[in-house]
Amino acid sequence: MPNPFEYRDAVLYCEDVELTKIAEQAGTPCYVYSAGAILSRYRAYDDGLAGLPHRVCYAVKANSNLSVLRLLAQAGAGFDIVSGGELYRVLQAGGDPASVVFSGVGKTRAEIDYALEQGIHNFNCESEAEIALISSLATRLGKTASIAIRVNPDVDAATHPYISTGLKEHKFGIDIAEVESVYQRAATLPGISLDGVSCHIGSQLLAAAPLVEAARKLLALVGRLRAAGIAITELDLGGGLGVPYSPADDKPNIAAFLADIRTLVAGAGLFLLFEPGRSIVAEAGALLSRVLYRKKNGEKEFIIIDASMSELIRPALYDAHHEILPLRQSKFGTVKADVVGPVCESGDFLAVDRTVANVLPGDMVAAMTAGAYGFAMASNYNARPRPCEVLVEGATWRIVRTRETYADLTRGE
Ligand SMILES: *Cc1c(COP(=O)(O)O)cnc(C)c1O
């Protein structure tokens with residue numbers, strides 16, 4: 001399923017469901033995800049690694065809706081988590097804790113205990129102090145924790161600075177120049193087993209070359225560690241492959257990327273792990289919204305819609321591009337406008353100076369490629385209840401998270 005969203009007779013569909021039907025019945029703003037597209041991306045990873053011992057651990061932070069997690073768990077995915085809350089979500093969705101890798105630079109004592117008790121696959125460790133803490137907590141519980149050290153390979157991922165993580169100046173991982181001595185010291189600690197080497201160099205990479213370069217550096221490191229008597233059996237290459245947000249973007253190919261990796265790791269005797277998030281869910285999702293008003297300030301046109309930075313913060317946070325498409329194509333041509341929300345911030349825009357369909361109040365639009373880091377980063381800013389989420393499967397759809405109410409907004413206060 002290359003693209004689950006397409007026009008049929010000038011009406012936008014997700015799989016076999018007309019999006020206006022969802023918007024009218026579920027209300028707007030509303031996130032819509034295609035189950036078929038999510039599964040086909042997952043399978044592209046799984047098939048690309050066929051014949052090699054591997055696990056594709058979906059990065060939960062990209063989209064942690066329980067129905068999305070359940071879909072992936074049933075397809076055989078593992079999970080990459082970055083908090084205790086994400087582990088809780090995976091377990092609620094029926095995910096197998098033994099398929100979970102725990103990443104992140106600031107795991108708390110309580111989170112480590114929780115993960116040890118649940119029996120996760122391993123910890124991707126980001127500092128020597130964290131390894132020492134896991135060693136002592138695992139020893140106290142009478143367990144042996146499997147450890148990989150997240151290496152910072154000093155590779156420039158050439159992406160937005162906020163989502164680039166693989167350079168020395170970033171807070172992530174342990175510098176590749178120092179990591180061998182860290183392995184040596186960690187090898188003496190009780191309660192842990194040093195099984196893996198891992199990395200994650202950034203997100204939204206539109207070229208695979210930096211990922212392949214990082215893999216090459218990590219493989220060389222595995223060779224040096226093995227020569228020094230540390231029996232590394234697992235290699236985790238993280239996530240990060242990007243998706244085309246605008247028609248001008250390159251279109252990274254999962255199969256081609258994995259083919260490069262296959263050539264590199266052939267015969268290395270390593271269990272391979274990947275942690276893709278965005279590349280599995282981004283293109284499977286859209287944010288539906290209704291046009292509230294049109295207005296002009298001087299020469300500038302504004303299309304004011306009922307979705308905002310509270311529901312989709314990527315344009316404000318990363319200067320991200322999302323295509324804005326009408327749910328019904330009209331004969332009214334196009335207009336150059338800013339597409340903005342109701343939130344009281346000048347940064348509250350979904351598109352700036354963009355040529356979009358000349359939509360009128362009451363019309364509905366979709367912000368495309370919103371399945372990753374969309375709802376997951378939504379907030380209640382301006383006391384806006386978070387939108388509902390819908391999952392489409394073929395010709396059927398269902399609400400997989402209800403729209404928040406005003407009562408939800410004040411719960412706990
Ligand atoms: C965010 C993250 C991922 C997923 O990144 P994508 O760009 O969404 O594929 C994987 N691993 C780690 C450690 C992360 O922090």
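As the structure is a prediction and not an experimental result, all values here were calculated from the model. Counting starts at 1 for both ligands and their atoms, in listed order.
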Charged N-O contact under 4.0 Å between D408 and R411
yes
For atom 14 (C) of ligand 1, which candidate among E275, E126, R278, K61 provides the closest heavy atom?
K61
Inspect the contact between K143 and D113 and indicate whether a charged nitrogen and a carboxylate oxygen are less than 4.0 angstrom apart.
no
Atom indices of ligand 1 within 4.0 angstrom of R150 heavy atoms, with elements
13 (C)
Please verify whether a non-hydrogen atom of Y373 lies at under 4.0 Å from ligand 1.
yes
Number the atoms of ligand 1 from 1 as they appear, then name those within less than 4.0 Å of a heavy atom of G239, with their elements.
9 (O), 10 (C)
May I ask you to check whether D46 and H54 show a side-chain donor-acceptor distance below 3.5 Å?
yes
Assess whether a salt bridge exists between E311 and R384, defined as any Lys/Arg side-chain N lying under 4.0 Å from an Asp/Glu carboxylate O.
yes
Is any side-chain N of the basic residue among R8 and E18 closer than 4.0 Å to the acidic one's carboxylate O?
no
Between G277 and ligand 1, is there a nitrogen or oxygen pair with a distance under 3.5 Å?
yes
Check this for me: Y7, atom OH, are more than 12 non-hydrogen atoms of other residues, nucleotides or ligands nearer than 6.0 Å?
yes
Residue P276 vicinity, atoms of ligand 1 by number, heavy atom under 4.0 Å:
9 (O)
Contact with ligand 1 for G240, non-hydrogen, under 4.0 angstrom
yes
Quick one: sort the F271 and H121 rings into parallel, tilted or perpendicular, breaks at 30° and 60°.
tilted
Proximal atoms of ligand 1 relative to S203 (non-hydrogen, under 4.0 Å):
6 (P), 7 (O), 8 (O)
Evaluate the ring planes of F79 and Y58, with Trp represented by its six-membered ring, and classify them as parallel (under 30°), tilted (30 to 60°) or perpendicular (over 60°).
perpendicular
Who's the nearest protein heavy-atom neighbour of atom 5 (O) of ligand 1, and how far?
H200 CE1, 3.3 Å
Heavy-atom distances under 4.0 Å decide this one: backbone, side chain, both or neither, for D80 against ligand 1?
side chain
Out of all atoms in ligand 1, which are within 4.0 Å of some heavy atom of S103? Include the element for each.
13 (C)
For atom 4 (C) of ligand 1, which candidate among C57, C199, A59 holds the nearest heavy atom?
A59
